[in-house]
Amino acid sequence: MGIWACIGVISPFPFYYFLWNYPQTWVDLCGRGRDPCKFMAMVSHLLKLLQFISLFSVSTLSWPPPLYFWPLFISGQFLNFRVYQLLGESGTYYGVRFGKHIPWVTGFPFGVIKDPQYVGSILSLIACLAWVPFFYILLWILGYIFMIKVESHEDPTTRAKLLLS
């Protein structure tokens, strides 16, 4: 099960890399009348499910969780929730790369924590170390670090042009 779990854990990152670097191709694939952010969100949720199934396949579950679980997991999920609350679906799912106007957000956690959604996800993953082998958590975190690096460089001239209905 190890190799399949590894593939499942890293499966979203080539997709995100492709979308970040070739946004017009994604907009064109989505076609007129289909929101590229909404379609990205749907595919991303399926890939996230694959990641969770992959982790579950190599996990050893027990109860109660260690004491460090709750503060890490709750903090991580709070950051994820807050980012989505402030940015919405289009802001979270590369709307600016797909040619949408996304207002600049300065509310917490933005301006306080760099890459708060990734930080939140990493905290949530670390919280699960009691159940999931370190290697799989590390692999997932390295995927996030890779995407932080990719997304830290954006050339506005490569943004997509939305297809009008």
Side-chain angles (χ1 to χ4, degrees), residues 2-30 35-55 58 72-129 132-162:
I3 189 68
W4 294 112
C6 290
I7 291 169
V9 165
I10 65 170
S11 64
F13 302 113
F15 175 66
Y16 299 146
Y17 177 86
F18 169 78
L19 296 185
W20 186 261
N21 287 293
Y22 305 100
Q24 189 65 56
T25 302
W26 181 251
V27 169
D28 294 343
L29 282 170
C30 290
D35 182 348
C37 298
K38 186 170 286 307
F39 197 55
M40 178 188 178
M42 289 176 10
V43 173
S44 296
H45 289 118
L46 287 173
L47 291 171
K48 187 65 63 188
L49 179 62
L50 179 60
Q51 283 182 305
F52 286 136
I53 290 168
S54 298
L55 278 193
V58 295
L72 288 172
F73 190 78
I74 290 169
S75 299
Q77 291 307 298
F78 171 76
L79 288 173
N80 284 325
F81 172 79
R82 184 73 176 136
V83 167
Y84 196 84
Q85 181 184 40
L86 290 171
L87 295 180
E89 185 173 70
S90 291
T92 303
Y93 292 101
Y94 292 179
V96 73
R97 296 293 296 148
F98 299 143
K100 291 186 173 192
H101 173 71
I102 307 298
W104 192 255
V105 174
T106 57
F108 180 82
F110 295 99
V112 177
I113 299 172
K114 187 170 171 49
D115 300 305
Q117 187 170 20
Y118 287 124
V119 170
S121 296
I122 289 168
L123 289 173
S124 296
L125 284 169
I126 292 170
C128 297
L129 275 171
V132 181
F134 173 77
F135 174 76
Y136 298 98
I137 298 292
L138 178 63
L139 193 59
W140 196 329
I141 290 172
L142 289 174
Y144 283 144
I145 292 169
F146 171 73
M147 287 313 302
I148 288 169
K149 180 78 172 147
V150 167
E151 293 171 6
S152 70
H153 305 288
E154 194 227 353
D155 178 0
T157 64
T158 64
R159 291 179 182 170
K161 310 293 185 267
L162 278 176

Any donor-acceptor pair under 3.5 Å from Gln51 side chain to Val9 backbone |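 Here the side-chain-to-backbone pair exists.
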State yes or no: are the ring centers of [X] and [Y] separated by less than 6.0 Å?
| X | Y | result |
| --- | --- | --- |
| Phe146 | Tyr17 | yes |
| Trp26 | Phe39 | yes |
| Trp20 | Phe13 | no |

Taking all non-hydrogen atoms of both residues, which atom of [X] and which atom of [Y] are closest, and how far apart?
| X | Y | result |
| --- | --- | --- |
| Leu79 | Pro109 | CD2-CB, 3.7 Å |
| Gly95 | Cys37 | CA-SG, 3.3 Å |
| Ile122 | Ile141 | CG2-CD1, 4.0 Å |
| Val96 | Ile102 | N-CG1, 3.7 Å |
| Val58 | Ala5 | CG1-CB, 3.7 Å |
| Leu125 | Ile137 | O-CD1, 3.4 Å |

Let me see the working for Trp4 and Ile7 under side chain to side chain contact (heavy atoms under 4.5 Å, CB included), right down to the final yes or no.
-> CA-CA 5 Å; Trp4 294 112; Ile7 291 169; 4.0 Å; yes
Might you work through the side chain to side chain contact (heavy atoms under 4.5 Å, CB included) test for Asp28 and Gln24, ending with a clear yes or no?
-> CA-CA 6 Å; Asp28 294 343; Gln24 189 65 56; 2.9 Å; yes
Would you say Phe81 has more than 12 foreign heavy atoms packed within less than 6.0 Å of its CZ?
-> no
Considering residues, nucleotides and ligands other than Lys114, do more than 12 of their heavy atoms fall under 6.0 Å from its NZ?
->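 Open.
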Regarding Glu151 and Tyr94, is there a side-chain donor-to-acceptor distance under 3.5 Å anywhere?
-> yes
How long is the span from the CZ atom in Phe135 to the CG atom in Leu139, to the nearest 0.5 Å?
->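 Reported value, rounded in 0.5 Å steps: 5.0 Å.
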Enumerate the residue pairs fulfilling side chain to side chain donor-acceptor pair (under 3.5 Å) with a member in residues 77-88, sequence neighbours excluded, ordered by first and then second residue.
->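 Of all non-adjacent pairs touching residues 77-88, those that pass side chain to side chain donor-acceptor pair (under 3.5 Å) are Gln77-Ser124, Asn80-Ser121, Arg82-Gln85.
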Test side chain to side chain contact (heavy atoms under 4.5 Å, CB included) applied to Tyr93 and Leu87, step by step | CA-CA 9 Å; Tyr93 292 101; Leu87 295 180; over 6 Å; no
By salt bridge (Lys or Arg N to Asp or Glu O under 4.0 Å), which residues pair with Glu154, not counting sequence neighbours?
->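 Applying salt bridge (Lys or Arg N to Asp or Glu O under 4.0 Å) to Glu154 gives Arg97, Arg159.
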